[in-house]
Amino acid sequence: MKKLLIAALAAASFVMIPALGSEAHAFPPIRDNGMISRLQKERQDEANKELVVNFWNEVFNKHNAAIIDTAVGDVYTQHSPGFADGKEAFRTAITGFLKEFPESTAEIKRVAADGDLVFIHNHIKLNEADRGQSAVDIFRVENGKIVEHWDIIQDVPEKAENNNTMF
């Protein structure tokens with residue numbers, strides 16, 4: 001009988017503890033030793049990279065400007081001097097570029113993320129015969145949308161002073 005009473009009290013305590021409020025815990029709370037926030041950051045970095053890579057490949061390799069509707073935020077700040085601010089201005093410029101250069105490609109060589117920033121190193125070519133340009137594009141992501149962009153672009157020279165490639 002004593003064992004049955006102890007078992008009943010133990011079972012009742014697990015049922016009643018949540019009812020006591022947020023102060024009481026059936027188990028001690030998990031202490032964040034930094035691991036949880038690191039894992040969350042890694043997951044967010046991966047999600048941001050996936051968004052930007054998908055956006056990039058859809059626009060510059062599949063020539064699908066419609067992705068701008070879902071991937072770019074309503075407020076879009078552009079730091080590239082050849083483009084105006086705004087989602088609609090970006091769509092107009094990209095549509096014109098893709099129409100003028102229907103064979104263009106932009107192959108991603110490297111991708112990195114740090115918080116809300118995603119960096120891609122890419123090789124832009126206007127057509128198959130073009131040596132192209134080496135570029136680093138930086139995107140800022142907010143709430144799952146691309147909201148800001150910077151780029152640095154350099155022509156791929158015919159001859160270099162070293163034996164290294166730009167990629």
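Keep in mind that this is a model prediction, so the values were computed, not measured. When a residue number appears, it is its place in the shown sequence, counting from 1.
Looking at Val136 and Ile120, their side chains never come closer than 4.5 Å, going by heavy atoms from C-beta outward. For the pair Phe60 and Ile94, the minimum side-chain heavy-atom distance is below 4.5 Å. For the pair Phe119 and Phe139, the minimum side-chain heavy-atom distance is 4.5 Å or more.
Considering only residues two or more places apart in sequence or on other chains, Val53 meets the side-chain contact (heavy atoms from CB on, under 4.5 Å) condition with Asn57, Ile108, Val111. Lys125 pairs by the side-chain contact (heavy atoms from CB on, under 4.5 Å) definition with Thr105, His123, Glu128, Asp130, not counting sequence neighbours. With sequence neighbours left out, Tyr76 forms a side-chain contact (heavy atoms from CB on, under 4.5 Å) with Val72, Gln78, Phe90, Ile146, His149. Taking Glu42 as the reference, Leu39 meet the side-chain contact (heavy atoms from CB on, under 4.5 Å) condition, with sequence neighbours excluded.
Here the closest non-hydrogen pair linking His121 and Ser134 is NE2-OG, 3.1 Å. The heavy-atom pair separating Glu58 from Ile67 by the smallest distance is CB-CG2, 3.8 Å. Closest approach of Asp45 to Gly115, counting heavy atoms only: OD1-N, 3.0 Å.
If you check the side chains of Asp151 and Ser80, you find a donor sitting under 3.5 Å from an acceptor. Glu103 and Asn127 form no side-chain donor-acceptor contact under 3.5 Å, judged by distance and modelled atom types alone. Glu50 and Asn54 share no side-chain donor-acceptor pair at under 3.5 Å.
Ile124 shares a hydrophobic cluster with no other residue; no ILVMFWY side chain has heavy atoms under 4.5 Å from its own.
At distances below 3.5 Å, at least one donor-acceptor pair connects side-chain atoms of Trp56 with backbone N or O atoms of Ala106. In this structure, Asn48 contributes its side chain and Val118 its backbone to no donor-acceptor pair below 3.5 Å. Side chain of Arg140 to backbone of Val147: no donor-acceptor contact under 3.5 angstrom is found. Between the Thr95 side chain and the Thr92 main chain, no donor and acceptor come within less than 3.5 Å of each other.
For the atom pair Ile138 CD1 and Glu148 CD, the distance stands at 10.0 Å (nearest 0.5 Å).
For Asp74 and Lys87, the salt-bridge test passes: some basic side-chain N is under 4.0 Å from an acidic carboxylate O. Between Glu46 and Lys49, at least one side-chain nitrogen of the basic residue sits less than 4.0 Å from a carboxylate oxygen of the acidic one, meeting the salt-bridge criterion. By the 4.0 Å N-to-carboxylate-O rule, Lys41 lies close enough to Asp114 to be salt-bridged with it.
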Name the atoms and distances for all side-chain donor-acceptor pairs under 3.5 Å in residues 160-167, with sequence neighbours left out.
| unit_1 | atom_1 | unit_2 | atom_2 | d |
| --- | --- | --- | --- | --- |
| Asn162 | OD1 | Asn164 | N | 2.9 |
| Thr165 | OG1 | Phe167 | N | 3.1 |

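Residues Phe97 and Phe55 share a hydrophobic cluster, clusters being chains of Ile/Leu/Val/Met/Phe/Trp/Tyr side chains in contact below 4.5 Å. Linking Ile, Leu, Val, Met, Phe, Trp and Tyr whenever their side-chain heavy atoms come within less than 4.5 Å leaves Trp150 and Ile68 in two separate clusters.
Crowding of Asp69 atom CG: a count of heavy atoms from other residues, nucleotides or ligands under 6.0 Å exceeding 12.
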